[in-house]
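Structure, as structure tokens:
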Amino acid sequence: MSKTAELHYDGKSYQIPVVEGTENEKALDISRIRAESGLITLDKGFKNTGSTESAITFLNGEEGILRYRGYAIEDLAEKSSFIEVAFLLIYGELPTTEELKDFQERIVHHTLVHEDVKSILDGFPSKAHPMGVLSSLVSSLTAFYPKSLDPNRSKEQVDGTIIRILAKLPTLAAWSYKNRMRQPVVYPNNNLDYCSNFLRMMFGLPTEEFDVNPVVSKALDKLLILHADHEQNCSASTVRIVGSSHASLYASVSAGIAALWGPLHGGANQAVIEMLEAIRKDGGDISKYVAKAKDKSDSFRLMGFGHRVYKNFDPRATIIKKAADEVLAELGVKDPVLDIAKQLEEIALKDEYFVARGLYPNVDFYSGIIYRALGIPTDMFTVMFALGRLPGWVAQWKEMRENNEPIGRPRQVYQGHTRRDYVNIANR
Ligand code: CMC
């Protein structure tokens, strides 16, 4: 028998159906409440609001669980590859050998971008942040593939757009870096795997051979897996809500990249390294910065600490921390910023303020350290996050479209002036 909750308001009672998920999460389905009682719900930042029912990613913040399509993130990070995880997220099942081969071949076939994209790229000043460039270039793909503008075309057409964006994002991401460096772009080499190809396009030169370090490529692949989806986070919700107006996948992902850019979301990985650098330059006094983070009159926060849903630990952070240690050892990197990170972590984890609020290092605290060790420049960190998150955005967009979800359009409680008469400018 399905459960209901009861709302009592103004002398009347209302039945609210309870929706149960496969992992026993329960939600009040309030979609009829306004029609029946005149009430809406208010939840700034959607802290306690489910925006959809999804079968992609399960996350339990209290217990530190993260699973893609039922598979534990720990297993996937250790045993799978980013391309296999992308297939899993987007199509719902792990691929067979044949399916994986076909998926890889289709991606490889589309890694080139139209030559005219280069002239768009040339229009950006070299100081342009690569996230802004990437978001613009992804949006510009609608101009080269006008059929993608209609997401209601055939399934094959939509699937073609999915393959194209997976294939082209590494090229566009690497090229956004080349623009920053004012270096000539490097074209994709389709004999290389996804991450090696990206690294060659980013760090190589068109005139020289470039050997990809397998340690770097493997570490990057793991990082991308860990970032591949995270259910209804800020950027995934953005992708879904933009797509809910039947905007194209390219437009929706472009918006997702913009949402990810902010320092409270994906931009935190860049902000972490900048913060650690600032502490180092300031003499390495960690307790001064911990005190600043606790001071409510100071807007400073410890970047890379805290999470909207993880209040005990972020399982991705646990895996990344181990990977960071391994990569640094394998590459023989000694980084003074890493020592500051370790000390900061130690102090904050024992501090009553952080303990009481469930503030632990999140995925971005360690990912910045690995990216730095891999030689990736700081303002490209969030671009790396975008590369990883792409399959998640695609899967969220596809699910939303396939379930024919209605346009996303929250309500509000208006708190402004009530009606007032227009006053002529001379009398104001
Ligand atoms: N440093 C100091 N205090 C903090 C921090 C922090 N990093 N994060 C939260 N708090 C405090 C906050 O001031 C509040 O205190 P009080 O209860 O006394 O008012 C309490 O902890 C709860 O914080 P909140 O802002 O209400 O929590 P939220 O769920 O709205 O925000 C967050 C989550 C991730 C935006 C926040 O923890 C934060 O700003 N962290 C730093 C940025 C960061 O690392 N972001 C990456 C998130 S993980 C990657 C991703 O998924 O994008």
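Note that ligands are numbered from 1 as they come in the structure, with each ligand's atoms numbered from 1 the same way.
- To the nearest 0.5 Å, the span separating CG on L390 from NZ on K168 amounts to 13.0 Å.
- For ligand 1, the atoms sitting less than 4.0 Å from at least one non-hydrogen atom of G266 are 52 (O), numbered in the order shown with element in parentheses.
- Considering backbone and side-chain atoms together, L264 places an N or O closer than 3.5 Å to an N or O of ligand 1.
- Looking at C234, A293, G45, it is A293 that brings a heavy atom closest to atom 2 (C) of ligand 1.
- Among all non-hydrogen protein atoms, the one lying nearest atom 41 (C) of ligand 1 is F305 O, 3.4 Å.
- Annotation: atom 14 (C) of ligand 1 to nearest protein heavy atom, K296 NZ, 4.0 Å.
- Taking a distance limit of 4.0 Å, we find that atom 22 (C) of ligand 1 is approached by no protein heavy atom.
- Atom 42 (C) of ligand 1 has its closest protein heavy atom at M303 CE, 3.4 Å.
- By heavy-atom distance, the residue among N362, L302, N269, T382 lying nearest atom 47 (C) of ligand 1 is N362.
- Compare R301, K294, R357 by their heavy atoms: the one nearest to atom 12 (C) of ligand 1 is in R301.
- At the top of the distance list for atom 8 (N) of ligand 1, counting protein heavy atoms only, stands L359 CD2, 3.5 Å.
- Rounding to the nearest 0.5 Å places CG of D379 at 5.5 Å from CD of Q270.
- Within the 6.0 Å centre-distance limit, the rings of Y289 and F300 are counted as a close aromatic pair.
- Between the side chain of Y68 and the backbone N or O of I225, at least one donor-acceptor pair lies under 3.5 Å.
- Taking atom 30 (O) of ligand 1 as the reference point, the nearest protein heavy-atom neighbour is R308 NH2, 3.0 Å.
- At a cut-off of 3.5 Å, with distance as the only test, no side-chain donor of Y366 or D314 sits close to an acceptor on the other residue.
- A donor atom on one side chain and an acceptor atom on the other are not found under 3.5 Å apart for S51 and R240.
- Annotation: F385 is not in aromatic contact with H230 [ring centroid separation under 6.0 Å not met].
- Protein heavy atom at the shortest distance from atom 51 (O) of ligand 1 is H307 NE2, 3.5 Å.
- Taking atom 49 (C) of ligand 1 as the reference point, the nearest protein heavy-atom neighbour is D364 OD2, 3.0 Å.
- Heavy-atom neighbours of F46 CZ from other residues, nucleotides or ligands within 6.0 Å: at or below the threshold of 12.
- Looking at K47 next to ligand 1, an N or O pair under 3.5 Å apart turns up.
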Please tabulate, for the side chains in residues 331-339, all donor-acceptor contacts under 3.5 angstrom to protein atoms that are two or more places apart in sequence or on a different chain.
{"unit_1": "D335", "atom_1": "OD1", "unit_2": "V337", "atom_2": "N", "d": "3.0"}
{"unit_1": "D335", "atom_1": "OD1", "unit_2": "R372", "atom_2": "NH2", "d": "3.1"}
{"unit_1": "D335", "atom_1": "OD2", "unit_2": "R372", "atom_2": "NE", "d": "2.7"}

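- Geometrically, ligand 1 and G304 share a nitrogen or oxygen pair separated by less than 3.5 Å.
- Remark: minimum distance from atom 34 (C) of ligand 1 to any protein heavy atom is reached at G306 O, 3.7 Å.
- Atom OG1 of residue T238 and atom CH2 of residue W393 lie 9.0 Å apart, to the nearest 0.5 angstrom.
- Contacts between Y353 and ligand 1 below 4.0 angstrom, taking non-hydrogen atoms only, involve the side chain exclusively.
- Residue A268 holds the heavy atom nearest to atom 43 (C) of ligand 1 of all those in A348, A271, A268.
- Between M202 and P377, the closest heavy-atom pair is CE-CD, 3.5 Å.
- Here CZ of F103 is found 7.0 Å from CZ of F87. Values are rounded to the nearest 0.5 Å.
- Under 4.0 angstrom from ligand 1, there are no non-hydrogen atoms of L260.
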